[in-house]
Amino acid sequence: KHTVQPFNGKLVMSPPLRKVPPPESDPADAASVNEQRILKHALHSFATRGYAATGLRTIAADAQLTAPMVNYYFKTKEALYQRVGAMVMDGLVAAVAAACPEGGTLAQVLAGNMLGHLQFCAEFPEAIRFLFGIMYGPEEGRPVFDMTGYAAVEARIRNRFDRAIRSGEFVLHASVTRADAFELYQGLVMSLVMHDVKAPAFGKPKTEPRIASRRLGILLAGLGTLHE
């Protein structure tokens, strides 16, 4: 399981999403390092080239390993793709969970979830590009990847909205439904993440936390009234 640990107020990703030592470092656990190196370059290739245009020989060359060595760790391209997907999904889910305060108010949980997504995007942009490729890229020839791991993230937000509405902590405006609140919030998070992924290519700055928080406040004010 790939987890995120707090360190000096910053989320730190555990392997294999962390940078791995270069080939010449000769680590004690060479097998583990080789596997992580393959995963790192596979993520880059799948995220930038797509599934169809990625080959195991290309990944081996990028990782400065032999093709038979890649086949030793991952028998097929599909197996490697699924492993990369699981690595990315586990990392995102753990990062967001770590950013959401236990027992926090609705606004605190929503802000933590949103900023957790943005921080993960900032630290692992290729991981987000990989996920966007699954959601919006061409499906032909690409294996189906199970995205249900993200359901835990959505369930946390749905449940927190439900608790806040039932308790009177958040009173929805007339004609606004719980489904509206959840879907519009999710739309805000995804739009900010997508902006930050594309921002460097257009020479634009990434979203500052204070701006993201301000937009969350505007959204909540449009949906209802907070009583905290």
Side-chain angles (χ1 to χ4, degrees), residues 1-4 11-23 25 27 29-98 116-156 186 189-190 193-194 196-198 200-201:
K1 185 83 171 179
H2 314 295
T3 60
V4 175
L11 300 181
V12 180
M13 182 62 59
S14 68
L17 282 183
R18 296 171 80 178
K19 293 182 179 180
V20 299
S25 60
D29 190 358
S32 175
V33 170
N34 286 338
E35 186 175 7
Q36 291 182 36
R37 187 176 300 131
I38 293 168
L39 288 167
K40 171 188 173 182
H41 289 282
L43 171 60
H44 172 76
S45 190
F46 287 135
T48 57
R49 300 185 181 111
Y51 182 83
T54 293
L56 293 183
R57 290 185 179 277
T58 300
I59 293 171
D62 291 344
Q64 300 180 36
L65 298 171
T66 64
M69 186 173 290
V70 174
N71 280 308
Y72 171 78
Y73 290 104
F74 305 96
K75 303 303 181 185
T76 64
K77 182 170 77 168
E78 179 175 352
L80 179 54
Y81 180 81
Q82 295 289 354
R83 176 67 180 280
V84 169
M87 174 185 75
V88 169
M89 184 60 68
D90 286 352
L92 174 60
V93 171
V96 172
H117 278 82
L118 293 178
Q119 184 168 345
F120 186 85
C121 177
E123 294 182 4
F124 307 105
E126 287 188 342
I128 296 297
R129 290 191 190 98
F130 176 88
L131 291 177
F132 279 165
I134 293 175
M135 294 187 290
Y136 306 118
E139 298 181 4
E140 185 176 355
R142 189 187 69 204
V144 175
F145 178 70
D146 185 1
M147 295 281 287
T148 56
Y150 191 73
V153 175
E154 294 184 325
R156 181 185 302 108
Q186 285 292 93
V189 173
M190 289 300 104
V193 170
M194 186 172 291
D196 282 7
V197 167
K198 296 178 176 292

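One is the number of the first residue; the rest follow in order along the sequence.
One distance of note links OG of S45 with CD of E126; it measures 9.5 Å at 0.5 Å rounding. Between D196 atom CG and Q119 atom CD the span is 12.0 Å, to the nearest 0.5 Å. For the atom pair CD1 (I128) and CE (M135), the distance works out to 7.5 Å, reported to the nearest 0.5 Å. Put simply, CZ on R83 and OH on Y73 are 11.0 Å apart, with the number rounded to the nearest 0.5 Å. Interatomic distance, CD of Q82 versus CG of D146, reported as 8.5 Å (0.5 Å rounding).
Scanning all heavy atoms of the two residues, the minimum distance from F120 to V88 falls at CZ-O, 4.0 Å. A pairwise comparison of heavy atoms in I59 and I38 identifies CG2-O, 3.9 Å as the closest pair.
Panel note: side chain T148, backbone A151; no donor-acceptor pair is recorded below 3.5 Å. Panel note: side chain R129, backbone T48; no donor-acceptor pair is recorded below 3.5 Å.
Enclosure of atom CZ in R49 by more than 12 non-hydrogen atoms of other residues, nucleotides or ligands within 6.0 angstrom is indicated.
In this pair, F46 and Y51 present their aromatic rings parallel. The plane angle is below 30°, not in the 30 to 60° band.
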Check the pair M69, R37 against side-chain contact (heavy atoms from CB on, under 4.5 Å), reporting the backbone distance first and the verdict last. CA-CA 11 Å; M69 186 173 290; R37 187 176 300 131; over 6 Å; no

